[in-house]
There are 2 protein chains.
Amino acid sequence: MKRPASWQAIRTEALRRIHTGLWSPGARIPDEAELAAEFSCARATVNRALRSLAEDGLLERRRKGGTRVPTTPVRKATFEIAIIRQDIEGRSQEYGYRLIDDRLAAPPAEVLAEFETSRDVVLRHVTALHFAEGRPFCLEDRWLNPQIVKMGEVEFGTLSANEWLVRNIAYSGGKIGFHALAADRDAAGKLECAEGAALFAIERTTRNPTATITFVRLTYAPGYRMEAKL
Amino acid sequence: MKRPASWQAIRTEALRRIHTGLWSPGARIPDEAELAAEFSCARATVNRALRSLAEDGLLERRRKGGTRVPTTPVRKATFEIAIIRQDIEGRSQEYGYRLIDDRLAAPPAEVLAEFETSRDVVLRHVTALHFAEGRPFCLEDRWLNPQIVKMGEVEFGTLSANEWLVRNIAYSGGKIGFHALAADRDAAGKLECAEGAALFAIERTTRNPTATITFVRLTYAPGYRMEAKL
DNA sequence: AAGTGGTCTAGACCACAAA
DNA sequence: TTGTGGTCTAGACCACTTG
């Protein structure tokens, strides 16, 4: 076998062997040196190909343990987290924004838990609406760490907190969750939908190495659909 | 600057420069050769670091055009697509499964569109329920390409189509979408929830290079939450 | 202790897109 | 045309983890 030249060709060939069962689930595949010899290429090239497959969840690699085909593959998909304005403009729709409220307040327990601070019982609470073609698109309900985004220094009357944060605050990590919820009276009023309507919601916590920066719940108007690549 | 040794250290340093604005949005950053000289390392090491950042959406790279900091970063997040049994067992809950129906039928237009075949107006339609701790967890409503998964050859009475497919069928790509929907009478009955309840649903189309393999809608019982890494 | 993947190097050539 | 990233090589050393 001398065909594959690039790491992508080797990736493709490896994929084929996984799919055809030539490399069966749970079994160890030849090590990098062997494959490099087989494909007449440098070990680094094989490494690049197998690492790529491992990142997609199609192989499991361990030092000394070798490379294996997972018995129950857990494939990974990626989705893009754009700012809401981009999301709307990407659909060739007109973006609109309106700040509803911005004040210091005591957060509910579930939010406070995300901030891990029993001290600062007062957070900056920002509520805003994003519009697409003049119609409510997404309700932004955000709690900010007031030590990082100070009242008075930064205003969200024109530029949404969503956009300001993406452009100005570095973050090192966090978590994101998706779920469905029924519109309560408040959300129904703001999103101009029926009370009880099924809404898609995203909750996101963003941290830097030191502290939690913000927790946000984005509730989308009925019909919203989030797409990702497989 | 001689500190960073590994590509991860260079990545971290690059991140710092992006965050501090030393590398400002829209501006070109030094090319790989310059950075390699600055960090006293091989260009390949710089390449590894910058490529990693580009994959996360924190840099944009183009041949000849150089590397830039995006003005509006589109960060990427990944989530894992496990089989439903794993999802439930991962929560330390007992998994259960029941096949509801499995027959050839004419799909609705929206499903047929995913198969791009105006010919085969008959697809294999499989309906099943997944349970966690004995309670309905997820409703699987699946349409299969009967030329790939033949009636009679493969049965889903014990092993779910979800699991069988992951283990047996290679796929090259597809798309996945998330949304919220209100439980209709049928779904409410099967998931044992109120009609009209807000449910989280995933729709997934899976293809191989030649044809569409399957289209599935997974509707989760109320309270389901999908998490991803940021 | 030893095997395997992880990473780094120094150099080279190539592919693409901007000038 | 030319500059920049993309990739490959051959060799080396290291880190982890398993036996």
Side-chain angles (χ1 to χ4, degrees), chain A residues 1-15 17-18 23-71 73-74 76 78, chain B residues 1-15 17-18 23-71 73-74 76 78:
Chain A
M1 169 69 68
K2 232 185 178 179
R3 301 286 309 296
S6 70
W7 69 268
Q8 307 204 30
I10 294 176
R11 185 191 201 276
T12 301
E13 171 60 14
L15 251 184
R17 295 185 183 185
I18 294 169
W23 288 348
S24 48
R28 248 176 93 158
I29 73 172
D31 65 35
E32 295 187 346
E34 287 180 59
L35 291 172
E38 183 192 349
F39 296 137
S40 308
C41 69
R43 183 167 78 89
T45 306
V46 173
N47 179 280
R48 181 85 159 85
L50 299 189
R51 181 159 42 81
S52 160
L53 287 170
E55 282 168 1
D56 288 348
L58 286 150
L59 286 177
E60 282 176 355
R61 321 196 73 198
R62 281 188 193 174
R63 281 161 157 143
K64 166 74 177 177
T67 301
R68 290 167 182 281
V69 182
T71 48
V74 177
K76 283 153 184 136
T78 58
Chain B
M1 170 69 66
K2 230 182 178 180
R3 301 285 308 298
S6 69
W7 70 269
Q8 308 204 28
I10 295 176
R11 184 191 202 276
T12 301
E13 170 61 13
L15 251 183
R17 295 186 184 185
I18 294 169
W23 288 347
S24 48
R28 250 176 93 156
I29 74 172
D31 66 36
E32 295 187 347
E34 286 179 59
L35 292 171
E38 182 192 350
F39 296 136
S40 308
C41 69
R43 184 168 76 89
T45 307
V46 173
N47 179 280
R48 182 85 159 83
L50 299 190
R51 182 159 41 82
S52 160
L53 287 171
E55 283 169 0
D56 288 348
L58 286 149
L59 286 178
E60 283 176 354
R61 320 196 75 200
R62 282 187 192 173
R63 280 161 155 141
K64 167 74 177 177
T67 301
R68 292 167 182 279
V69 181
T71 48
V74 176
K76 284 153 184 140
T78 59

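Protein chains get the first letters and strands the later ones, always in sequence-line order, with residue 1 at the start of each. None of the values given here were measured: they were computed from a predicted structure.
- Base contact: B:A44 has a heavy atom under 4.0 Å from a base atom.
- A salt bridge links B:E32 to B:R43: one of the charged nitrogens lies within less than 4.0 Å of a carboxylate oxygen.
- Within the 4.5 Å cutoff, no side-chain heavy atoms of B:I10 are placed close to those of B:L35.
- Of the two residues near DNA chain C, A:E34 and B:R68, the one whose nearest nucleotide lies more 5' is A:E34.
- Within 4.0 Å (heavy atoms only), A:R28 reaches sugar-phosphate atoms of the nucleic acid but no base atom.
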Hey, can you pull the donor-acceptor pairs under 3.5 Å for the side chains in residues 50-59 of chain A, sequence neighbours left out?
unit_1: A:R51; atom_1: NE; unit_2: A:N47; atom_2: OD1; d: 3.4
unit_1: A:S52; atom_1: OG; unit_2: A:R11; atom_2: NE; d: 2.7
unit_1: A:D56; atom_1: OD2; unit_2: A:R11; atom_2: NH2; d: 2.3

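- For the pair A:C41 and A:W7, the minimum side-chain heavy-atom distance is 4.5 Å or more.
- The base of C:dG6 sits with one of its N or O atoms less than 3.5 Å from a complementary donor or acceptor on the side chain of A:R43.
- Contact check, B:T67 against D:dG5: a side-chain N or O comes under 4.0 Å of OP1 or OP2.
- Of the side-chain N and O atoms in A:Q8, one or more sit less than 4.0 angstrom from OP1 or OP2 of D:dT7.
- In this structure, B:T45 does not reach the C:dT7 phosphate: none of its side-chain N or O atoms is under 4.0 Å from OP1 or OP2.
- For A:A42, taking side-chain heavy atoms from C-beta onward, the closest of the listed nucleotides C:dC8, D:dA10, D:dT4 is D:dA10.
- The minimum heavy-atom distance between A:P70 and A:P25, with the atom names listed, is O-CB, 3.9 Å.
- Protein atom CZ of B:R51 is 9 Å distant from nucleotide atom C1' of D:dG6, rounded to whole Å.
- Minimum atom distance to the side chain of B:R48 is reached by C:dT7, of the listed C:dT9, C:dT7, D:dC8.
- Contacts with DNA chain D (heavy atom under 4.0 Å) in residues 54-65 of chain B: B:R61, B:R62, B:R63, B:K64, listed by number.
- Residue A:N47 places no side-chain N or O under 4.0 Å from the OP1 or OP2 atom of C:dG5.
- Annotation: side chain of A:F39 is in contact with side chain of A:E13 (closest heavy-atom distance under 4.5 Å).
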